[in-house]
Amino acid sequence: MPTRDHAATTTAAAEVASLREEVKQLKQAVTSHADVDQAIGVICAVGQLTPDQAWEVLVEVSQHTNTKVRSVADRLVEWTCDGSLPPDIDVALKASMARQTPCDEAD
């Protein structure tokens, strides 16, 4: 029969494991959020769009390519260095940006 100390140790170990998993997920969320913010900046600069418009473009590209927003954001950030995008993302990005009114023309 397990002792109270054994039960407490088992409970503590389960709590530690749960907290470690939560920290891991939070770190991933922070990284993903930073990537998405950077991708929004890329779209703003390239398309002369507002951040809200850039977010719409990012979501639209994600939906039209059946790719997670985080993954599209990663590719857009990498695009600034390597100059290449997967063809489906490239086509969807150009089409989505073309549907937006650049902020310098919005007045």
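No experiment lies behind these values; they were computed from the predicted model shown.
- Annotation: the span from Arg75 atom CZ to Thr65 atom OG1 amounts to 12.0 Å, rounded to 0.5 Å.
- In terms of modelled atom types and a separation under 3.5 Å, the side chain of Ser96 and the main chain of Ala92 share no donor-acceptor contact.
- In plain terms, the two heavy atoms of Cys44 and Ala54 that are nearest each other are SG-CB, 3.8 Å.
- Under the 4.5 Å side-chain heavy-atom criterion for ILVMFWY residues, no single connected hydrophobic cluster contains both Val77 and Val69.
- Formation of a donor-acceptor pair under 3.5 Å by the Arg20 side chain with backbone atoms of Glu15 is not found in this model.
- Expressed to the nearest 0.5 Å, how far CD1 of Ile89 lies from NE2 of His64 amounts to 13.0 Å.
- With Ser62 contributing its side chain and Glu60 its backbone, the two residues share no donor-acceptor pair below 3.5 Å.
- Both Val59 and Trp79 sit in one connected hydrophobic cluster of ILVMFWY residues. Membership requires side-chain heavy atoms under 4.5 Å apart, directly or through other members.
- Under the 4.0 Å criterion applied to side-chain N and carboxylate O atoms, Arg70 and Asp74 are not assigned as salt-bridge partners.
- Atoms CG and OG1, from Leu49 and Thr101 in turn, are 9.0 Å apart once rounded to the nearest 0.5 Å.
- One side chain, Thr50 or Gln53, offers a donor N or O that lies under 3.5 Å from an acceptor on the other.
- Atom CD of Gln48 is separated from atom CD1 of Ile43 by 14.0 Å, given to the nearest 0.5 angstrom.
- Put simply, the side chain of Leu76 reaches to within 4.5 Å of the side chain of Leu58, judged on heavy atoms.
- Not a single side-chain contact (heavy atoms from CB on, under 4.5 Å) links Asn66 to another residue, sequence neighbours left out.
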